[in-house]
Amino acid sequence: MLQEKKDIRALSKEQLRDFFAAQGDQAYRGNQVYEWLWQKSAHSFEGMTNLSKDTRELLDKNFIINHISVDQMQRSADGTIKNAVKLHDGLLVESVLIPTEARTTACVSSQVGCSLDCRFCATSRLKRMRNLNPDEIYDQVVVIDKQSRLYFGRPLSNIVFMGMGEPLMNYNNVLKAIGKITSREGLGMSPKRITVSTSGVPKMIKKMADEEVRFNLAVSLHSAIDVVRTSIMPFNKTFPLKDLREALQYWYAKTKNRITYEYVVWKDVNDTQKDVDALVKFCRFAPSKVNLIEYNPIDDGEFSQASDKALQLYQETLQDNGIVVTVRRSRGKDIDAACGQLANKS
Ligand code: SAH
(Lines give C-alpha, C1' and ligand atoms only; values in the text may rest on other atoms or scores of the structure.)
Protein backbone atom coordinates (compact mmCIF):
# COMPACT_ATOMS: atom_id res chain seq x y z
CA MET A 1 0.00 0.00 0.00
CA LEU A 2 1.18 3.48 -0.77
CA GLN A 3 2.16 5.42 2.29
CA GLU A 4 0.16 8.61 2.63
CA LYS A 5 2.24 11.70 2.06
CA LYS A 6 2.52 14.12 4.97
CA ASP A 7 1.92 17.86 4.87
CA ILE A 8 5.49 19.09 5.08
CA ARG A 9 4.50 22.36 6.72
CA ALA A 10 3.28 20.50 9.79
CA LEU A 11 6.97 19.84 10.52
CA SER A 12 9.13 22.13 12.62
CA LYS A 13 12.58 23.12 11.45
CA GLU A 14 14.06 20.59 13.87
CA GLN A 15 11.92 17.83 12.43
CA LEU A 16 12.99 18.74 8.91
CA ARG A 17 16.62 18.63 9.97
CA ASP A 18 16.04 15.23 11.56
CA PHE A 19 14.40 13.96 8.39
CA PHE A 20 17.50 14.77 6.34
CA ALA A 21 19.88 13.44 8.96
CA ALA A 22 17.93 10.16 9.01
CA GLN A 23 18.38 9.94 5.23
CA GLY A 24 22.14 10.22 5.68
CA ASP A 25 22.08 13.73 4.26
CA GLN A 26 23.17 16.95 5.94
CA ALA A 27 20.75 18.28 8.54
CA TYR A 28 21.41 21.72 7.07
CA ARG A 29 19.15 20.82 4.12
CA GLY A 30 16.29 21.10 6.61
CA ASN A 31 17.06 24.79 7.06
CA GLN A 32 17.08 25.36 3.33
CA VAL A 33 13.74 23.63 2.86
CA TYR A 34 12.26 25.49 5.82
CA GLU A 35 13.25 28.77 4.26
CA TRP A 36 11.60 27.80 0.97
CA LEU A 37 8.42 26.75 2.72
CA TRP A 38 7.94 29.78 4.93
CA GLN A 39 9.99 32.79 3.90
CA LYS A 40 9.65 32.13 0.18
CA SER A 41 6.22 30.45 0.25
CA ALA A 42 7.25 27.85 -2.33
CA HIS A 43 4.31 25.99 -3.83
CA SER A 44 6.29 23.03 -5.16
CA PHE A 45 9.46 21.10 -4.46
CA GLU A 46 10.44 21.55 -8.07
CA GLY A 47 10.86 25.27 -7.53
CA MET A 48 13.40 24.80 -4.71
CA THR A 49 16.27 25.56 -7.02
CA ASN A 50 19.19 25.30 -4.63
CA LEU A 51 18.41 21.64 -3.91
CA SER A 52 19.65 18.78 -6.05
CA LYS A 53 17.23 16.87 -8.24
CA ASP A 54 17.55 13.83 -5.97
CA THR A 55 16.67 15.86 -2.90
CA ARG A 56 13.64 17.37 -4.58
CA GLU A 57 12.48 13.93 -5.65
CA LEU A 58 12.99 12.58 -2.15
CA LEU A 59 10.79 15.35 -0.77
CA ASP A 60 8.18 14.80 -3.43
CA LYS A 61 8.04 11.10 -2.58
CA ASN A 62 7.43 11.77 1.11
CA PHE A 63 5.54 15.02 1.39
CA ILE A 64 2.98 17.35 -0.09
CA ILE A 65 2.72 21.13 0.24
CA ASN A 66 -0.88 22.07 0.98
CA HIS A 67 -1.56 25.54 -0.25
CA ILE A 68 -4.65 27.66 -0.11
CA SER A 69 -5.92 29.11 -3.37
CA VAL A 70 -8.03 32.18 -4.01
CA ASP A 71 -11.27 30.81 -5.39
CA GLN A 72 -12.82 34.20 -5.96
CA MET A 73 -11.64 37.76 -5.41
CA GLN A 74 -14.09 40.66 -5.13
CA ARG A 75 -13.22 44.35 -5.03
CA SER A 76 -15.36 46.91 -3.27
CA ALA A 77 -15.94 50.43 -4.53
CA ASP A 78 -13.90 51.63 -1.51
CA GLY A 79 -10.88 49.49 -2.45
CA THR A 80 -11.51 46.68 0.02
CA ILE A 81 -10.74 43.24 -1.39
CA LYS A 82 -12.48 40.07 -0.25
CA ASN A 83 -10.97 36.68 -1.01
CA ALA A 84 -12.91 33.45 -0.93
CA VAL A 85 -10.11 31.10 -0.03
CA LYS A 86 -10.22 27.41 -0.87
CA LEU A 87 -8.46 25.02 1.50
CA HIS A 88 -6.83 21.73 0.48
CA ASP A 89 -9.97 19.79 1.41
CA GLY A 90 -12.27 22.05 -0.60
CA LEU A 91 -13.68 23.99 2.35
CA LEU A 92 -13.89 27.77 2.07
CA VAL A 93 -13.03 30.68 4.34
CA GLU A 94 -12.89 34.39 3.63
CA SER A 95 -10.18 36.96 4.21
CA VAL A 96 -10.22 40.67 3.57
CA LEU A 97 -7.71 43.37 2.64
CA ILE A 98 -8.66 46.78 4.01
CA PRO A 99 -6.70 49.72 2.59
CA THR A 100 -6.64 53.16 4.19
CA GLU A 101 -4.37 56.07 3.43
CA ALA A 102 -1.89 55.12 6.11
CA ARG A 103 -2.05 51.34 6.21
CA THR A 104 -3.13 48.08 4.66
CA THR A 105 -4.79 45.67 7.04
CA ALA A 106 -5.40 41.97 6.52
CA CYS A 107 -8.45 40.55 8.23
CA VAL A 108 -7.94 36.81 8.46
CA SER A 109 -10.02 33.79 9.46
CA SER A 110 -9.05 31.28 12.13
CA GLN A 111 -11.77 28.64 11.71
CA VAL A 112 -14.06 27.32 9.00
CA GLY A 113 -17.38 28.57 10.34
CA CYS A 114 -17.61 29.38 14.04
CA SER A 115 -18.63 27.54 17.17
CA LEU A 116 -20.02 30.64 18.85
CA ASP A 117 -23.54 31.85 18.36
CA CYS A 118 -23.49 35.65 18.31
CA ARG A 119 -26.93 36.50 17.00
CA PHE A 120 -25.84 39.53 15.00
CA CYS A 121 -23.03 37.81 13.09
CA ALA A 122 -23.46 36.08 9.74
CA THR A 123 -20.60 33.66 10.36
CA SER A 124 -22.47 32.13 13.30
CA ARG A 125 -25.01 30.77 10.83
CA LEU A 126 -22.32 28.48 9.47
CA LYS A 127 -21.56 25.41 11.48
CA ARG A 128 -18.00 25.23 12.75
CA MET A 129 -16.43 22.68 10.43
CA ARG A 130 -12.82 22.69 11.58
CA ASN A 131 -9.91 24.72 12.81
CA LEU A 132 -7.48 26.20 10.33
CA ASN A 133 -3.91 24.91 10.42
CA PRO A 134 -1.09 27.36 11.12
CA ASP A 135 -0.04 27.29 7.46
CA GLU A 136 -3.59 28.07 6.30
CA ILE A 137 -3.64 31.15 8.51
CA TYR A 138 -0.15 32.15 7.43
CA ASP A 139 -1.03 31.73 3.75
CA GLN A 140 -3.98 34.12 4.00
CA VAL A 141 -1.52 36.77 5.18
CA VAL A 142 0.93 35.99 2.36
CA VAL A 143 -1.84 36.27 -0.24
CA ILE A 144 -2.98 39.64 1.11
CA ASP A 145 0.58 40.94 1.34
CA LYS A 146 1.00 40.14 -2.36
CA GLN A 147 -2.30 41.84 -3.20
CA SER A 148 -1.29 44.88 -1.19
CA ARG A 149 1.96 45.19 -3.16
CA LEU A 150 0.19 44.62 -6.45
CA TYR A 151 -2.82 46.91 -6.04
CA PHE A 152 -1.54 49.51 -3.57
CA GLY A 153 2.21 49.46 -4.15
CA ARG A 154 3.11 48.80 -0.52
CA PRO A 155 3.46 45.82 1.80
CA LEU A 156 0.84 44.76 4.26
CA SER A 157 1.16 46.73 7.50
CA ASN A 158 -1.35 45.24 9.97
CA ILE A 159 -3.19 42.02 10.69
CA VAL A 160 -6.44 41.55 12.58
CA PHE A 161 -7.91 38.17 13.52
CA MET A 162 -11.44 39.37 12.89
CA GLY A 163 -12.44 37.10 10.04
CA MET A 164 -14.38 33.88 10.46
CA GLY A 165 -14.06 31.93 13.67
CA GLU A 166 -13.05 32.45 17.27
CA PRO A 167 -9.24 32.62 17.40
CA LEU A 168 -9.03 31.59 21.05
CA MET A 169 -10.92 28.39 20.29
CA ASN A 170 -8.11 27.53 17.89
CA TYR A 171 -5.47 28.78 20.26
CA ASN A 172 -2.46 26.63 19.42
CA ASN A 173 -2.68 27.04 15.67
CA VAL A 174 -3.31 30.79 15.88
CA LEU A 175 -0.27 31.23 18.11
CA LYS A 176 1.86 29.06 15.86
CA ALA A 177 0.78 31.10 12.83
CA ILE A 178 1.59 34.35 14.61
CA GLY A 179 4.95 32.86 15.55
CA LYS A 180 5.68 32.28 11.87
CA ILE A 181 4.34 35.68 10.81
CA THR A 182 6.55 37.49 13.30
CA SER A 183 9.66 35.36 12.99
CA ARG A 184 12.54 36.48 10.83
CA GLU A 185 12.30 33.14 9.09
CA GLY A 186 8.72 33.97 8.16
CA LEU A 187 7.39 37.42 7.37
CA GLY A 188 9.26 39.28 10.10
CA MET A 189 6.28 41.43 11.06
CA SER A 190 6.16 43.16 14.42
CA PRO A 191 3.62 41.65 16.86
CA LYS A 192 2.60 45.23 17.68
CA ARG A 193 0.91 45.28 14.29
CA ILE A 194 -1.19 42.22 15.01
CA THR A 195 -4.51 42.19 16.87
CA VAL A 196 -6.32 39.08 18.02
CA SER A 197 -10.02 39.67 18.49
CA THR A 198 -12.01 37.43 20.79
CA SER A 199 -15.53 37.17 22.07
CA GLY A 200 -13.85 36.53 25.41
CA VAL A 201 -12.69 33.11 26.51
CA PRO A 202 -11.33 33.84 30.01
CA LYS A 203 -9.12 30.78 30.37
CA MET A 204 -7.42 31.42 27.05
CA ILE A 205 -6.92 35.13 27.75
CA LYS A 206 -5.07 34.13 30.92
CA LYS A 207 -3.03 31.58 29.04
CA MET A 208 -1.97 34.21 26.51
CA ALA A 209 -1.04 36.51 29.35
CA ASP A 210 1.09 33.78 30.93
CA GLU A 211 2.89 33.31 27.65
CA GLU A 212 3.56 37.05 27.60
CA VAL A 213 2.52 37.46 24.01
CA ARG A 214 3.28 40.83 22.45
CA PHE A 215 0.39 41.26 20.04
CA ASN A 216 -2.73 43.31 20.81
CA LEU A 217 -5.96 42.04 22.28
CA ALA A 218 -9.41 43.17 21.24
CA VAL A 219 -12.54 41.93 22.95
CA SER A 220 -15.96 41.97 21.31
CA LEU A 221 -17.84 43.27 24.29
CA HIS A 222 -21.08 44.78 22.93
CA SER A 223 -22.58 44.97 26.40
CA ALA A 224 -21.27 45.21 29.95
CA ILE A 225 -24.55 43.95 31.42
CA ASP A 226 -24.82 40.16 31.71
CA VAL A 227 -28.47 39.72 30.76
CA VAL A 228 -28.09 41.94 27.72
CA ARG A 229 -24.83 40.32 26.63
CA THR A 230 -26.25 36.82 27.06
CA SER A 231 -29.26 37.75 24.94
CA ILE A 232 -27.05 38.69 21.98
CA MET A 233 -24.02 36.46 22.67
CA PRO A 234 -25.49 33.35 24.32
CA PHE A 235 -22.11 31.84 25.26
CA ASN A 236 -21.85 34.71 27.78
CA LYS A 237 -23.86 32.39 30.02
CA THR A 238 -20.84 30.08 30.15
CA PHE A 239 -18.27 32.89 30.31
CA PRO A 240 -20.00 35.66 32.27
CA LEU A 241 -18.62 39.19 32.50
CA LYS A 242 -17.18 38.63 35.95
CA ASP A 243 -14.85 35.91 34.62
CA LEU A 244 -14.02 37.98 31.56
CA ARG A 245 -13.22 40.98 33.69
CA GLU A 246 -10.96 38.97 35.93
CA ALA A 247 -9.10 37.50 32.94
CA LEU A 248 -8.64 40.95 31.42
CA GLN A 249 -7.23 42.34 34.66
CA TYR A 250 -4.82 39.42 34.69
CA TRP A 251 -3.92 40.13 31.06
CA TYR A 252 -3.10 43.74 31.79
CA ALA A 253 -1.13 42.94 34.91
CA LYS A 254 1.07 40.55 32.93
CA THR A 255 1.40 42.30 29.58
CA LYS A 256 0.84 45.99 30.34
CA ASN A 257 -0.93 46.04 27.02
CA ARG A 258 -4.11 48.13 26.81
CA ILE A 259 -7.26 46.29 25.73
CA THR A 260 -9.58 47.40 22.95
CA TYR A 261 -13.31 46.80 23.38
CA GLU A 262 -15.27 46.41 20.20
CA TYR A 263 -18.79 47.60 20.62
CA VAL A 264 -21.80 47.92 18.35
CA VAL A 265 -24.73 50.01 19.53
CA TRP A 266 -28.09 48.60 18.47
CA LYS A 267 -31.51 50.14 18.68
CA ASP A 268 -33.51 48.82 21.66
CA VAL A 269 -30.68 46.49 22.70
CA ASN A 270 -27.94 48.54 24.33
CA ASP A 271 -28.75 52.17 23.57
CA THR A 272 -29.71 53.54 26.99
CA GLN A 273 -27.84 55.51 29.65
CA LYS A 274 -27.75 52.39 31.80
CA ASP A 275 -25.83 50.53 29.07
CA VAL A 276 -23.36 53.37 28.71
CA ASP A 277 -22.79 53.59 32.44
CA ALA A 278 -22.12 49.86 32.66
CA LEU A 279 -19.53 50.16 29.89
CA VAL A 280 -17.79 53.06 31.61
CA LYS A 281 -17.59 51.00 34.77
CA PHE A 282 -16.24 47.99 32.90
CA CYS A 283 -13.55 50.14 31.26
CA ARG A 284 -12.24 51.10 34.68
CA PHE A 285 -11.18 47.53 35.47
CA ALA A 286 -8.16 47.66 33.16
CA PRO A 287 -6.62 50.30 30.86
CA SER A 288 -8.66 50.11 27.71
CA LYS A 289 -10.19 51.98 24.82
CA VAL A 290 -13.48 51.56 23.04
CA ASN A 291 -13.97 51.08 19.35
CA LEU A 292 -17.57 51.80 18.37
CA ILE A 293 -18.29 49.72 15.27
CA GLU A 294 -20.96 50.55 12.78
CA TYR A 295 -23.51 47.73 12.50
CA ASN A 296 -23.43 45.83 9.26
CA PRO A 297 -26.87 44.40 8.65
CA ILE A 298 -27.08 40.70 7.95
CA ASP A 299 -30.00 39.30 6.04
CA ASP A 300 -32.87 38.84 8.45
CA GLY A 301 -33.01 42.36 9.87
CA GLU A 302 -33.48 41.40 13.52
CA PHE A 303 -30.98 44.05 14.62
CA SER A 304 -30.64 47.66 13.56
CA GLN A 305 -28.10 50.39 14.17
CA ALA A 306 -28.92 52.72 17.06
CA SER A 307 -29.71 56.38 16.46
CA ASP A 308 -26.98 58.98 16.07
CA LYS A 309 -28.15 60.39 19.36
CA ALA A 310 -27.42 57.12 21.17
CA LEU A 311 -23.98 56.92 19.54
CA GLN A 312 -23.28 60.46 20.63
CA LEU A 313 -24.31 59.61 24.16
CA TYR A 314 -21.76 56.80 24.17
CA GLN A 315 -18.99 58.97 22.72
CA GLU A 316 -19.56 61.87 25.05
CA THR A 317 -19.97 59.83 28.21
CA LEU A 318 -16.84 57.79 27.48
CA GLN A 319 -14.83 60.90 26.70
CA ASP A 320 -16.08 62.70 29.79
CA ASN A 321 -14.79 59.76 31.79
CA GLY A 322 -11.38 59.95 30.18
CA ILE A 323 -11.80 56.82 28.06
CA VAL A 324 -10.44 56.87 24.52
CA VAL A 325 -13.17 56.16 22.01
CA THR A 326 -12.94 55.76 18.25
CA VAL A 327 -15.68 55.18 15.73
CA ARG A 328 -15.02 52.61 13.03
CA ARG A 329 -16.76 53.08 9.76
CA SER A 330 -17.56 49.97 7.78
CA ARG A 331 -15.53 49.00 4.77
CA GLY A 332 -16.44 46.69 1.94
CA LYS A 333 -20.13 46.54 2.75
CA ASP A 334 -21.12 46.33 -0.91
CA ILE A 335 -19.35 42.99 -1.26
CA ASP A 336 -20.35 41.60 2.17
CA ALA A 337 -16.78 41.99 3.38
CA ALA A 338 -17.49 44.06 6.48
CA CYS A 339 -17.35 42.84 10.10
CA GLY A 340 -19.85 40.10 10.75
CA GLN A 341 -20.78 39.68 7.10
CA LEU A 342 -18.43 36.84 6.21
CA ALA A 343 -20.62 33.87 5.38
CA ASN A 344 -19.23 32.21 2.25
CA LYS A 345 -22.15 33.60 0.25
CA SER A 346 -20.43 33.16 -3.06
N1 SAH B 1 -14.74 35.74 17.09
C2 SAH B 1 -13.94 36.90 17.16
C3 SAH B 1 -13.49 37.46 15.82
C4 SAH B 1 -14.52 37.59 14.70
S5 SAH B 1 -15.71 38.88 14.71
C6 SAH B 1 -14.65 37.98 17.97
O7 SAH B 1 -15.78 37.76 18.33
O8 SAH B 1 -14.04 38.99 18.28
C9 SAH B 1 -14.96 40.41 14.40
C10 SAH B 1 -15.78 41.57 14.97
O11 SAH B 1 -16.97 41.86 14.19
C12 SAH B 1 -16.26 41.30 16.37
O13 SAH B 1 -16.06 42.42 17.16
C14 SAH B 1 -17.76 41.07 16.14
O15 SAH B 1 -18.48 41.28 17.31
C16 SAH B 1 -18.06 42.06 15.06
N17 SAH B 1 -19.32 41.80 14.35
C18 SAH B 1 -19.94 40.63 14.17
N19 SAH B 1 -21.07 40.79 13.44
C20 SAH B 1 -21.16 42.12 13.16
C21 SAH B 1 -22.06 42.90 12.42
N22 SAH B 1 -23.12 42.35 11.81
N23 SAH B 1 -21.82 44.23 12.31
C24 SAH B 1 -20.73 44.78 12.89
N25 SAH B 1 -19.83 44.09 13.58
C26 SAH B 1 -20.04 42.77 13.73
Side-chain angles (χ1 to χ4, degrees), residues 80 82 93-96 98 105-126 128 131-132 137 140 158-171 173-174 177-178 194-202 204-205 208 215-224 228-236 238-239 244 247-248 259-267 269-270 279 288-306 311 326-345:
T80 301
K82 180 168 85 170
V93 291
E94 293 179 329
S95 53
V96 182
I98 308 148
T105 303
C107 174
V108 299
S109 293
S110 55
Q111 298 181 312
V112 185
C114 190
S115 47
L116 299 181
D117 43 13
C118 305
R119 284 178 40 212
F120 46 83
C121 178
T123 307
S124 73
R125 310 284 152 90
L126 306 171
R128 189 196 76 92
N131 286 334
L132 295 191
I137 297 170
Q140 293 175 66
N158 296 73
I159 302 172
V160 294
F161 282 80
M162 296 187 189
M164 295 172 154
E166 169 50 50
L168 298 194
M169 297 217 166
N170 184 15
Y171 183 87
N173 291 351
V174 166
I178 293 176
I194 300 176
T195 300
V196 169
S197 175
T198 177
S199 290
V201 188
M204 291 301 155
I205 292 173
M208 273 194 310
F215 49 78
N216 305 298
L217 177 64
V219 175
S220 302
L221 192 62
H222 303 311
S223 175
V228 178
R229 194 165 193 262
T230 301
S231 75
I232 52 178
M233 303 169 83
F235 71 90
N236 183 69
T238 320
F239 306 124
L244 179 59
L248 293 171
I259 302 145
T260 301
Y261 295 125
E262 293 158 275
Y263 203 104
V264 178
V265 189
W266 290 282
K267 183 167 169 288
V269 173
N270 56 356
L279 175 60
S288 48
K289 64 171 186 179
V290 174
N291 198 346
L292 294 175
I293 312 177
E294 189 184 338
Y295 177 56
N296 303 306
I298 56 175
D299 287 340
D300 43 19
E302 193 189 337
F303 290 88
S304 56
Q305 171 84 42
L311 270 179
T326 52
V327 179
R328 188 163 88 208
R329 296 288 319 274
S330 283
R331 303 290 306 271
K333 254 197 211 177
D334 54 341
I335 54 167
D336 282 334
C339 278
Q341 291 187 316
L342 302 182
N344 286 342
K345 266 199 199 161

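Side-chain atoms are counted along with the backbone in the values below, which use heavy atoms only and exclude waters and symmetry mates. Counting convention: from 1, in listed order, for ligands and their atoms alike.
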Interfacing atoms of ligand 1 (cut-off 4.0 Å, heavy-atom, [X]):
| X | answer |
| --- | --- |
| Y295 | 21 (C), 22 (N), 23 (N) |
| E294 | 24 (C) |
| F161 | 3 (C) |
| C121 | 18 (C), 19 (N) |
| T198 | 6 (C), 7 (O), 8 (O) |
| G165 | 1 (N), 2 (C), 3 (C), 4 (C) |

Looking only at protein heavy atoms, identify the closest one to [atom] and say how far it is in Å.
| atom | answer |
| --- | --- |
| atom 19 (N) of ligand 1 | G340 CA, 3.0 Å |
| atom 15 (O) of ligand 1 | H222 NE2, 2.6 Å |
| atom 7 (O) of ligand 1 | S199 OG, 2.7 Å |
| atom 5 (S) of ligand 1 | M162 O, 4.0 Å |
| atom 6 (C) of ligand 1 | S220 OG, 3.3 Å |
| atom 11 (O) of ligand 1 | C339 CB, 3.5 Å |
| atom 23 (N) of ligand 1 | N296 N, 3.0 Å |

Would you check if the side chain of [X] reaches a backbone N or O of [Y] as a donor-acceptor pair within less than 3.5 Å?
| X | Y | result |
| --- | --- | --- |
| Q140 | S109 | yes |
| R119 | M233 | no |
| K82 | D336 | yes |
| N270 | V264 | yes |

>> Below a 4.0 angstrom heavy-atom separation, can you tell me which part of F303, side chain or backbone, both or neither, approaches ligand 1?
In response: neither
>> One residue to check: T123. Relative to ligand 1, which of side chain, backbone, both or neither has a non-hydrogen atom less than 4.0 Å away?
In response: neither
> Purely on distance, is any nitrogen or oxygen of E262 under 3.5 Å from one on ligand 1?
Replying inline: yes
> Does any N/O atom on F120 come nearer than 3.5 Å to any N/O atom on ligand 1?
Replying inline: yes
Without hydrogens or angle criteria, can the side chains of [X] and [Y] be said to hold a donor-acceptor pair below 3.5 Å?
| X | Y | result |
| --- | --- | --- |
| N131 | Q111 | yes |
| E166 | T198 | yes |
| S124 | D117 | no |
| T230 | N236 | yes |

> Would the F120 and H222 ring centres measure less than 6.0 Å apart?
Replying inline: yes
> Between G163, S115, S109, which one has a non-hydrogen atom sitting closest to atom 4 (C) of ligand 1?
Replying inline: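 The residue whose heavy atom sits nearest atom 4 (C) of ligand 1 is G163.
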> Who pairs with F215 by ring pair (Phe, Tyr, Trp, His ring centres under 6.0 Å), at least two apart in sequence or on another chain?
Replying inline: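 With neighbours one apart ignored, the set is empty.
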> Tell me, do P167 and V174 make a side-chain contact under 4.5 Å, heavy atoms counted?
Replying inline: yes
